[in-house]
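Here is the naming used below: chain letters follow the sequence lines, and residue numbers restart at 1 for every chain. Computed from a predicted structure; not experimentally measured. Scope of the values below: all heavy atoms of this structure, side chains included, with no hydrogens, waters or symmetry mates.
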There are 2 protein chains.
Amino acid sequence: MIKDKIVPVCEVEIVDEKKVKAAKGKIENLNAILDMADIFKLLGEPTRLKIVLALMNSELCVCDLAAAIESNVSTVSHQLRLLRNARLVKYRKDGKMVFYSTDDEHINVAIEKIREHSEE
Amino acid sequence: MIKDKIVPVCEVEIVDEKKVKAAKGKIENLNAILDMADIFKLLGEPTRLKIVLALMNSELCVCDLAAAIESNVSTVSHQLRLLRNARLVKYRKDGKMVFYSTDDEHINVAIEKIREHSEE
DNA sequence: AGTACATTTGAACAAATATGCAAATGTTAT
DNA sequence: ATAACATTTGCATATTTGTTCAAATGTACT
C-alpha cells in the first residue's frame, strides 16, 4: 500500500520558501494522510457508496443488500470486506445470515457535507 | 422431470421485501450518488489529498505546490485540473503564475470528519 | 450421514488511472 | 522577435482495482 518510491524533488526553484514550509507543515503526517485517503477512496466508488447509504439506519443481510443496490452477492461481499476492514460497516451474525449496518456519525456527516458540495 | 430452480437465488429471492424497498429509497437518486462518489474518489488519492490539505488557508503557485508535496509540476498540474473541474480548488492568475487555493467549508468539515474516523 | 442455503473467498480478466517525459501554450521580460 | 520561465497538455505505460465465475466455508435441518 505504501510506496517507497524515490520521488525526484521539483528541479525548478522554489518561489516562496516560507509558504512552502508552511504548506509542508500541513502534510507532515504522511500516515494520517494515507489513512484518510483510504477512507475517501472506499467511499469514492458507486457500489460501495450505495452500500453505505443503503445501510444507513437499516440492517440488511448480504442477499437483501445485493437486491437493494441491484448488484450480486459476490460483488457485494467483496466490497463489504473492504468496508468492514475500514470499520465503515459493522455486522452481526445470526445463524447462517449476516446482517450489516452502519452507525458512524463521522461518516454520516462527511457524506452529508460532500452531498452539499456537489449539490451547490 | 426437470426442476426450474437453477436461477441464482439471491438475485431473485429477497428475504425481507420491506427492508429492501426502504433501502432502495435511500439510493434512488443515482446521479447524486455518482456525483458524490466522484468527489470522494478525488480525495481518495494521496497526491490529491495532499494538494487539498496543502492549499488550506494557503495560496500557492504550481511550482511551490509541487515542492511542498514533493512531487513534480506535471503531476501536480494534471491533478489540479481534476480538482478544478470538481471545484475542490480555485485559482487566480497573475502574469505567468497561477495561484491555487481552497475555500470550501463543506470539504474542510468532511476531511475533518474522515480524520476523526480514521484516528479512533 | 446428507441436503439446502447464505456467505465468503480465490483467481483471472478487463477497465480505469496516476505518473512522467516531452512538446505546446501562455506570459513577461530584454 | 527572441529568450526565459510557469503552466498545461498529449501520449505511453505500469499499476491498481472492480467484477464475475467457480469453489469453498459455515450453518441449520432432516
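In this structure, A/Ser71 does not reach the D/dT19 phosphate: none of its side-chain N or O atoms is under 4.0 Å from OP1 or OP2. Between A/Thr75 and the phosphate of D/dT19, there is no side-chain N or O to OP1/OP2 separation shorter than 4.0 Å. For the OP1/OP2 pair of D/dT17 and a distance below 4.0 Å, the side-chain nitrogens and oxygens of A/Gln79 include no atom meeting the criterion. For the pair A/Arg81 and C/dT8, the criterion of a side-chain N or O lying under 4.0 Å from OP1 or OP2 is not met.
Across all strands shown, B/Leu82 has heavy atoms under 4.0 Å from sugar-phosphate atoms exclusively, and none from any base.
Residue order along DNA chain D, read from the 5' end via each residue's closest nucleotide, puts B/Leu60 first among B/Leu60 and A/Glu45.
Scanning all heavy atoms of the two residues, the minimum distance from A/Asn57 to B/Lys26 falls at C-NZ, 4.0 Å. When all heavy atoms of A/Cys63 and A/Val73 are compared, the pair lying nearest together is CA-CG2, 4.4 Å.
If you take CD1 on A/Ile111 and NE2 on A/His106, they are separated by 13.0 Å, rounding to the nearest 0.5 Å.
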(message) Set out, in order, the CA-CA distance, both residues' side-chain angles and the distance that settles side chain to side chain contact (heavy atoms under 4.5 Å, CB included) for A/Ser58 and B/Lys19, then state yes or no.
(response) CA-CA 8 Å; A/Ser58 294; B/Lys19 282 161 69 177; over 6 Å; no
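Side-chain polar atoms of B/Tyr100 and B/Arg92 form no donor-acceptor pair below 3.5 angstrom.
For B/Lys41, the side-chain atoms get nearest to C/dT17 when compared with the rest of C/dT17, C/dA18, C/dT8.
We find that CD1 of B/Ile51 is positioned 11 Å from P of D/dT8, with the value rounded to whole Å. D/dG18 atom C1' lies 19 Å from atom CZ of B/Phe40, rounded to whole Å. Following rounding to the nearest Å, A/Ile14 (CD1) and D/dT7 (P) show an atom-to-atom distance of 13 Å. Taking atom CG of residue A/Leu65 and atom C1' of nucleotide C/dT8, one finds them 14 Å apart after rounding to whole Å. Rounded to whole angstrom, the span from the CG atom of A/Asn72 across to the C1' atom of D/dC21 amounts to 10 Å.
A side-chain contact (heavy atoms from CB on, under 4.5 Å) with A/Val109 is found for exactly one of B/Lys113, B/His117, B/Glu116, namely B/Lys113.
Per the stacking criterion (ring centres < 5.5 Å, plane angle < 30°), B/His78 stacks onto the base of D/dT9.
Pairs passing the side-chain hydrogen bond (donor to acceptor under 3.5 Å, both in side chains) check and including a residue from residues 37-56 of chain B, sequence neighbours excluded, read B/Arg48-B/Gln79.
A donor N or O paired with an acceptor N or O is found under 3.5 Å between the base of C/dT9 and the side-chain atoms of A/Ser74.
Contacts of residues 91-101 of chain B with DNA chain D (heavy atom under 4.0 Å): B/Lys96, B/Met97, B/Val98, B/Tyr100.
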